[in-house]
Amino acid sequence: QVWLVESGGGLVQAGGSLRLSCAASGRAFSNYAMGWFRQAPGKEREFVAAISWSGGRFGLAESVKGRFTISRDNTKNTQYLQMNSLKPEDTAVYYCAARTSPAYTSDVSSYNYWGQGTQVTVSS
């Protein structure tokens, strides 16, 4: 079992920045790929970013490339999502996810563990 707890969400003006953190507890965090997904009201959960077990490989959704960065620190059992140049369309609940595989994927159904989510609201 893996428990995931997100933090760092909040209200920010367009153009601002936030850094989300996801602290993991349980076993084998360093063996798992991690991801960030988001869900806006009335929309399906969508891929934002994901990173391999070592942090050496990662992927980003086209809509956030050049603005968001994903990273992880296996010594702290934590992954991060640095979000810059935020836009109102980035407003959503952001979820941290873990996959019992070292390789990342953008497929939401491939993740086994989920956090409770943290709200990000970007005002125009």
Check whether [X] reaches the backbone of [Y] with its side chain - one donor and one acceptor, N or O, closer than 3.5 Å.
X: S52; Y: A33; result: no
X: N77; Y: S25; result: no
X: T78; Y: K76; result: yes
X: R57; Y: W53; result: no
X: Y80; Y: S21; result: no
X: R99; Y: M34; result: no

Could you check whether any side-chain heavy atom of [X] comes within less than 4.5 Å of a side-chain heavy atom of [Y], counting everything from C-beta outward?
X: T69; Y: F58; answer: no
X: Q79; Y: I70; answer: yes
X: Q116; Y: E6; answer: yes
X: Y94; Y: V120; answer: yes
X: T105; Y: Y111; answer: yes
X: L60; Y: V48; answer: no
X: W36; Y: C22; answer: yes
X: V2; Y: Y32; answer: yes

Nearest heavy-atom pair of [X] and [Y]: which atoms, and what distance?
X: S124; Y: A14; result: CA-CB, 4.4 Å
X: E62; Y: K65; result: OE2-NZ, 2.7 Å
X: N74; Y: F29; result: OD1-CE2, 3.2 Å
X: L4; Y: A24; result: CD2-CB, 3.6 Å
X: S85; Y: S17; result: N-OG, 4.3 Å

Interatomic spacing from [atom1] in [X] to [atom2] in [Y] - rounded to 0.5 Å:
X: Y95; Y: W114; atom1: OH; atom2: CH2; value: 9.0 Å
X: I51; Y: R72; atom1: CD1; atom2: CZ; value: 6.5 Å
X: T100; Y: N112; atom1: OG1; atom2: CG; value: 3.5 Å
X: E89; Y: S63; atom1: CD; atom2: OG; value: 9.0 Å

ask   = Any side-chain donor-acceptor pair under 3.5 Å between D107 and S109?
value =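 Looking only at side-chain atoms, S109 and D107 do form a donor-acceptor pair, the distance falling under 3.5 Å.
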Using the rule that two of Ile, Leu, Val, Met, Phe, Trp, Tyr join whenever any of their side-chain heavy atoms come within less than 4.5 Å, decide whether [X] and [Y] are in one cluster.
X: V108; Y: L20; value: no
X: F37; Y: F68; value: no
X: Y104; Y: V64; value: no
X: V93; Y: V122; value: no

key: Residue from D90, T118, T91 passing side-chain hydrogen bond (donor to acceptor under 3.5 Å, both in side chains) with R38   =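 Per the side-chain hydrogen bond (donor to acceptor under 3.5 Å, both in side chains) rule, the option paired with R38 is D90, out of D90, T118, T91.
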request  = Answer yes or no: does atom CD of Q1 have more than 12 heavy-atom neighbours from other residues, nucleotides or ligands under 6.0 Å?
outcome  =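 Enclosed: over 12 neighbouring heavy atoms sit under 6.0 Å from CD of Q1.
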